[in-house]
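Have a look at the structure below before the remarks.
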Amino acid sequence: MELKASQRDALAELINIGYGRAAGALSELTGYRITLEVPQVTVQTFDRISELLNEVIQSQVASVDQSFSGPIAGRAYLILDQKAALVLSQLLMETFSITPELDSNARETLTEVGNILLNACLGVFGNLLHVQVASQVPRFRLVPVKGVLNPPQSELNTNETYGLMVHTRFHVKTKDITGYLVIVLGIASLDRLLTELDAWERRQLS
């Protein structure tokens with residue numbers, strides 16, 4: 001599914017608002033400045049998102065995901081390759097380890113980052129698009145990239161599923177760390193999101 005240029009720009013603007021809120025919360029939490037950038041937003045089929053992730057990540061991935069429900073329902077993911085996840089957690093915890101392992105402290109830190117980021121973006125959808133979105137407790141997983149996007153069939157039919165794929169960049173202590181925000185939606189939820197997005201655009205112009 002191709003987004004109209006105006007829809008793509010509006011989605012990027014909304015996600016940037018969410019990222020601004022998340023960056024502020026993370027900066028307050030850690031005590032130093034953190035910025036988040038949204039270089040690109042696309043809508044892809046579920047299978048195509050899996051293919052794209054396989055093309056850019058060859059290692060295991062650290063994933064923080066949470067399901068959400070309401071008029072727009074699905075599952076949101078923050079996805080980092082294992083090395084990026086380790087670097088980000090070390091920068092935030094101000095620690096350094098010579099082993100490429102994500103210990104319990106690192107996992108808790110990354111879960112909190114994901115919780116802040118995902119809730120900020122879902123909150124923007126709710127507040128600005130005038131729809132109520134209720135999210136569940138996030139979970140952390142370290143899994144092969146092929147298995148990261150496997151929502152339960154009870155939640156989503158992958159034959160009629162799309163996703164917003166957002167190439168994400170964290171800027172922390174002069175380092176840039178790349179990851180992906182993926183919001184997986186059924187076709188009905190995607191249609192509702194685009195309808196509400198068009199309404200939001202019209203309100204901005206009125």
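- Shortest non-hydrogen contact noted between Ala62 and Ala85 is CB-CB, 3.5 Å.
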Worked check of side-chain contact (heavy atoms from CB on, under 4.5 Å) between Asp9 and Lys4: CA-CA 9 Å; Asp9 291 344; Lys4 296 183 294 186; over 6 Å; no
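- Side-chain contact between Arg21 and Val124 is present, with heavy atoms from C-beta onward closer than 4.5 Å.
- In this structure the side chain of Val113 reaches within 4.5 angstrom of the side chain of Leu78, judged on heavy atoms.
- Gln7 places a side-chain heavy atom less than 4.5 Å from the side chain of Asp198.
- Considering only heavy atoms from C-beta on, Gln82 stays 4.5 Å or farther from Val61 through its side chain.
- The shortest distance between side-chain heavy atoms of Ile57 and Ser59 falls below 4.5 Å.
- For the atom pair CD1 (Ile34) and CG (Leu88), the distance works out to 7.5 Å, reported to the nearest 0.5 Å.
- Side chain to side chain, Ser67 and Gln136 meet the donor-acceptor criterion of an N or O pair below 3.5 Å.
- Thr161 OG1 to Gln44 CD: the interatomic distance, rounded to the nearest 0.5 Å, is 14.0 Å.
- At a cut-off of 3.5 Å, with distance as the only test, no side-chain donor of Tyr19 or Thr35 sits close to an acceptor on the other residue.
- The distance from the CG atom of Leu26 to the OG1 atom of Thr109 is 11.0 Å, given to the nearest 0.5 Å.
- Closest of all the heavy-atom pairs between Glu196 and Leu129 is OE1-O, 3.2 Å.
- Of the possible polar contacts, none joining the Ser189 side chain to the Gly186 backbone as a donor-acceptor pair under 3.5 Å is found.
- No side-chain heavy atom of Val56 sits less than 4.5 Å from a side-chain heavy atom of Leu52.
- Across Ala10 and Leu197, no two heavy atoms sit closer than the pair CB-CD1, 3.9 Å.
- More than 12 heavy atoms of other shown residues, nucleotides or ligands fall within 6.0 angstrom of atom NZ in Lys173.
- Within 6.0 Å of atom CD in Glu55, more than 12 heavy atoms from other residues, nucleotides or ligands are found, so the atom counts as buried in its surroundings.
- For CZ of Arg33, the number of neighbouring non-hydrogen atoms (other residues, nucleotides, ligands) closer than 6.0 Å is 12 at most.
- If you take OH on Tyr180 and CG on Leu164, they are separated by 15.5 Å, rounding to the nearest 0.5 Å.
- The shortest distance between side-chain heavy atoms of Glu13 and Trp200 falls below 4.5 Å.
- For the pair Asn119 and Ser135, the tightest heavy-atom approach, listed with the atom from each and the gap, is OD1-OG, 2.9 Å.
- At distances below 3.5 Å, not a single donor-acceptor pair connects side-chain atoms of Arg8 with backbone N or O atoms of Thr42.
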Residues Asn115, Val64; criterion side-chain contact (heavy atoms from CB on, under 4.5 Å); working and verdict: CA-CA 8 Å; Asn115 185 43; Val64 179; 5.7 Å; no
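- Contact detail for Ala23 and Leu36: the closest heavy-atom pair is N-CD1, 3.9 Å.
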Val184/Tyr162 under side-chain contact (heavy atoms from CB on, under 4.5 Å): CA gap, chis, key distance, verdict: CA-CA 6 Å; Val184 178; Tyr162 292 83; over 6 Å; no
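- The only member of Val166, Leu14, Leu11 that meets side-chain contact (heavy atoms from CB on, under 4.5 Å) when paired with Val38 is Val166.
- Contact record, Ile49 with Gly163: CD1-CA, 3.5 Å, taken as the closest heavy-atom pair.
- The distance from atom CD of Gln66 to atom OH of Tyr77, rounded to the nearest 0.5 Å, is 11.5 Å.
- For the atom pair Met93 CE and Asp103 CG, the distance stands at 5.5 Å (nearest 0.5 Å).
- Within the 4.5 Å cutoff, side-chain heavy atoms of Arg203 are placed close to those of His130.
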CA sep, side-chain torsions, deciding dist, call: Ile183, Phe125, side-chain contact (heavy atoms from CB on, under 4.5 Å): CA-CA 12 Å; Ile183 301 176; Phe125 286 170; 3.8 Å; yes
